[in-house]
2 protein chains.
Amino acid sequence: MTVDGGVSRPARPAARPVGRVDPDRIPQATVARLAVYLRVLTEMLAQGVRTVSSDVLAAAAGVNAAKLRKDLSHIGSSGVRGVGYDVSRLTEQVESVLGLTRSHAVALVGVGNLGHALAGYGGFAQRGFGVAALFDVDPALVGTTIGGVEVLDVAEIPRVCASKGVTIGVIATPAGAAQQVCDALVGAGVPSILNFAPAVLSVPTGVEVRKVDLAVEMQILAFHVSRHDGRAAADGREATGKVFG
Amino acid sequence: MTVDGGVSRPARPAARPVGRVDPDRIPQATVARLAVYLRVLTEMLAQGVRTVSSDVLAAAAGVNAAKLRKDLSHIGSSGVRGVGYDVSRLTEQVESVLGLTRSHAVALVGVGNLGHALAGYGGFAQRGFGVAALFDVDPALVGTTIGGVEVLDVAEIPRVCASKGVTIGVIATPAGAAQQVCDALVGAGVPSILNFAPAVLSVPTGVEVRKVDLAVEMQILAFHVSRHDGRAAADGREATGKVFG
DNA sequence: CTCTGTGAACCTGTTCACAGCT
DNA sequence: AGCTGTGAACAGGTTCACAGAG
C-alpha cells in the first residue's frame, strides 16, 4: 500500500487563495482516483467517445458511480444532467487539477536492478514526466547511459536537481541509503518523492513522500491467502462472478 | 498508491471459524501496517533488542503510538505494562497473522523491462516468497532463464500454476494483456494477484487484487507539486525546517 | 512511576437516495 | 424520460485520554 506522506495542512484558512477550485479541499482519496479516471478518459478520447455517463465511466474505472460523481464534484466538474460528461472537457479538467498541464522533471536515484527498469519504463515518459537525471553511487554505473540519460554520481544531486528544477525524486536504492538520498533531494528543493526502498523516510513538513513497497504488498496478499484458504471450504469455490454489487 | 482490490466481505458471520484471533476482524489498514512493523521488528531482533515500547516501535515505523497499540490489540498482542513488547514474541505473532509461517509460491507473468527486474529483485526471495514460475508470450524470452527459473509460455499458466500450487500471481505485462493473464491465473486457482499493469482487473469474488501503478503515483505527486508551488510564495520557501507551529 | 489496552470522540471517506436540471 | 449533484446517513479508521497493570 501506500503510506501517506507528511504534507502539512494549513492550521487555519489564513486567507485562502481562492481560485476556481481550492485544491486543499480535494480529498486524498479522490486525487488518487482522478489519475485512474484520467487513464480511462484518455482511452475513450482515443476511441472517439464524445460523452460518457457516470455509470459507464465508473464501471470502466472500477469504482461505484456515486463515488465517481462525488469525486468529480470536488473538482467543480460540470456534467450535463440527462446526458453525462463531455469526455474532452472532463479530460482537460482532470489534467489541470492534477497539475499535468506543466511538465515535471524527474530524478531517479539508484539504477540497480529495479532502478534500471524504472528508467526505461514507459510510465515516466508519459504525461510530461521526463527523466531529467539519473544517479548512483556505484562507480561502475556512473558514466553509463540509460535511455539517453547519463548516470551521475550521487554527490551531484544537489547541484543537478537544483539547476534542472527537479520536482519529483524517485528513490530506488537499497534501504540503507534511502534516508541519505532523501535528504539530498529535499536539500536540493525537490518537493515530492516516490520511494521504492523498504525504509521509512523522514522529511520536513511540506515535502510529500509516497511509498511503493513490494515486500509489504506481498505480505498483505499472504494474509489474504490465509483467509482464502480458511474460507474455501465454506464457500465452495465459485469460478467467475460479479466483482462488486 | 495503491488501489484497494476487490475482496468480498462475507455478508454474514456464517459460523465464524473462531481461533485465537479472528482475521476477519483485523482492519485492512492494520494489515498493511503490520508488514511495516514486521520489518522494523526484524531489524531490532538482528540488533539484539529484546524489548520495545510502543513509542519507540511506532517512531521507527513512522506511525503514531496509539495507532500502533490499537493495531497490535487487533492481533491479540500482549505487551507488558510499564515495560513494552517482547520483540521476539511480537515478531512471531505478526508473522503468524500475516500468514508468513508457510511459504508462498509466486508466479510472475511478463518478464519484460519491469518483470525482469522484479524476478531478480530481493523482495521476492525474502520471507518465503519463492518465485515458482515465470511466464511470457514473447518466443524470444520463453526458454531463457532468470535467477535460475526458466521462462515458460503463458499457455502453460493453468497447468503449471495448478501443479505448483501457486498462491500469488504477479502481473507485469502491458495493460492490454493484463485481464487475460489475470483470468488464466484465477482459473488456475491463484487466490491473490499483484498487478503492475495500468489496467483495472475484474476478478470473481474471493480473489484479492492489489495494484501498484507507477503512473498513478506520479500523478498524485504532480498534484502535490502544484500545491507546493502555490504555497511557496506565501511561505517564503524555507529549505529545511518547520513550516508552521 | 512507566507503559499498555481501550472506550469514546472525532474525522475522513463511502454510500444512499432523491431533488432538480435538461 | 435520463442523469447529475448533493445532503444526510453510514462505515471505517484515527486520535485522544485515561483506567489500570506491573
Side-chain angles (χ1 to χ4, degrees), chain A residues 1-7 9-11 21 23-34 36-37 49-87 89-90 93 220 243-245, chain B residues 1-11 21 23-34 36-37 49-87 89-90 93 220:
Chain A
M1 203 201 68
T2 305
V3 168
D4 121 290
V7 174
R9 274 157 306 177
V21 166
D24 282 331
R25 294 290 160 81
I26 301 180
Q28 298 289 320
T30 293
V31 174
R33 284 188 298 264
L34 285 176
V36 177
Y37 303 156
V49 178
R50 298 296 253 246
T51 295
V52 67
S53 71
S54 64
D55 269 330
V56 172
L57 183 52
V63 305
N64 120 350
K67 192 191 292 189
L68 179 133
R69 288 202 300 276
K70 185 140 284 189
D71 284 342
L72 296 186
S73 81
H74 285 298
I75 66 171
S77 78
S78 57
V80 179
R81 292 166 196 237
V83 179
Y85 301 86
D86 181 274
V87 175
R89 179 160 149 61
L90 186 55
Q93 275 186 296
I220 294 170
V243 174
F244 57 83
Chain B
M1 183 311 306
T2 304
V3 169
D4 121 290
V7 175
S8 66
R9 271 157 306 176
V21 165
D24 283 331
R25 294 290 162 80
I26 301 180
Q28 299 288 317
T30 294
V31 173
R33 285 188 298 264
L34 285 176
V36 177
Y37 303 155
V49 178
R50 298 296 251 246
T51 294
V52 68
S53 70
S54 64
D55 269 330
V56 171
L57 183 52
V63 304
N64 123 347
K67 192 190 292 188
L68 179 133
R69 289 201 299 276
K70 186 140 284 188
D71 283 341
L72 296 186
S73 79
H74 285 297
I75 66 170
S77 79
S78 56
V80 180
R81 291 166 195 239
V83 178
Y85 301 87
D86 181 274
V87 175
R89 178 161 149 59
L90 186 55
Q93 276 185 296
I220 294 170

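No experiment lies behind these values; they were computed from the predicted model shown. Chain identifiers are assigned alphabetically (A, B, ...) following the order of the sequence lines, protein sequences preceding nucleic acid strands; residue numbering begins at 1 within each chain.
A search for side-chain contact (heavy atoms from CB on, under 4.5 Å) contacts involving B:Val80 returns B:Val83, not counting sequence neighbours. For A:Thr30, the side chain to side chain donor-acceptor pair (under 3.5 Å) partners are A:Asp71, not counting sequence neighbours. In terms of the side chain to side chain donor-acceptor pair (under 3.5 Å) criterion, residue partners of B:Ser78 (sequence neighbours excluded) are, by chain and number, B:Arg89.
Here the P atom of nucleotide D:dT4 and the CZ atom of A:Arg89 are 14 Å apart, to the nearest Å. In this structure, CD of A:Gln28 is placed 15 Å from C1' of D:dT14, rounded to the nearest angstrom. Protein atom NZ of B:Lys67 is 13 Å distant from nucleotide atom P of C:dT12, rounded to whole Å. The separation between B:Asn64 atom CG and D:dC16 atom C1' is 9 Å, rounded to whole Å. For the pair B:Asp55 CG and C:dC1 C1', the computed distance is 15 Å after rounding to whole Å. Nucleotide D:dG5 holds its C1' atom 11 Å from the NE2 atom of A:His74, rounded to whole Å. When the P atom of C:dT4 is taken as reference, atom CD1 of B:Ile75 falls 14 Å away, rounded to whole Å. In this entry the distance linking CG of B:Leu72 with C1' of D:dT15 reads 16 Å, nearest Å.
The base of C:dT15 is paired with the side chain of A:Lys70 by a donor and an acceptor separated by under 3.5 Å.
Checked by atom type and distance alone, the side chain of A:Gln93 never pairs as donor or acceptor with a backbone atom of A:Leu72 at under 3.5 Å.
Taking all atoms of both residues into account, the shortest heavy-atom contact from A:Gly79 to A:Tyr85 is CA-CD2, 3.5 Å.
Taken to the nearest 0.5 Å, the CZ atom of B:Arg50 stands 8.0 Å off from the CG atom of B:Asp86.
A:Ser77 comes within 4.0 angstrom of the backbone, heavy atoms only, and of no base.
Residue A:Ser54 places its side chain closer to D:dT4 than to any other of D:dT4, C:dG13, D:dC16. Residue B:Arg69 has its side chain nearest to C:dG5 when only C:dG5, C:dT14, D:dT6 are considered.
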Using atom types as modelled, flag every donor-acceptor pair under 3.5 Å from a side chain in residues 52-68 of chain B to any protein atom, sequence neighbours excluded.
unit_1  : atom_1 : unit_2  : atom_2 : d
B:Ser53 : OG     : B:Val56 : N      : 3.3
B:Ser54 : OG     : B:Arg69 : NH1    : 3.1
B:Asn64 : OD1    : B:Ala66 : N      : 2.8
B:Asn64 : OD1    : B:Lys67 : N      : 2.9

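Taking 4.0 angstrom as the limit, B:Arg33 places a side-chain polar atom (N or O) nearer than this to OP1 or OP2 of D:dT14.
Scanning residues 78-86 of chain B for heavy-atom distances under 4.0 Å to DNA chain C yields B:Ser78, B:Gly79, B:Val80, B:Arg81, B:Gly82, B:Val83, B:Gly84, B:Tyr85.
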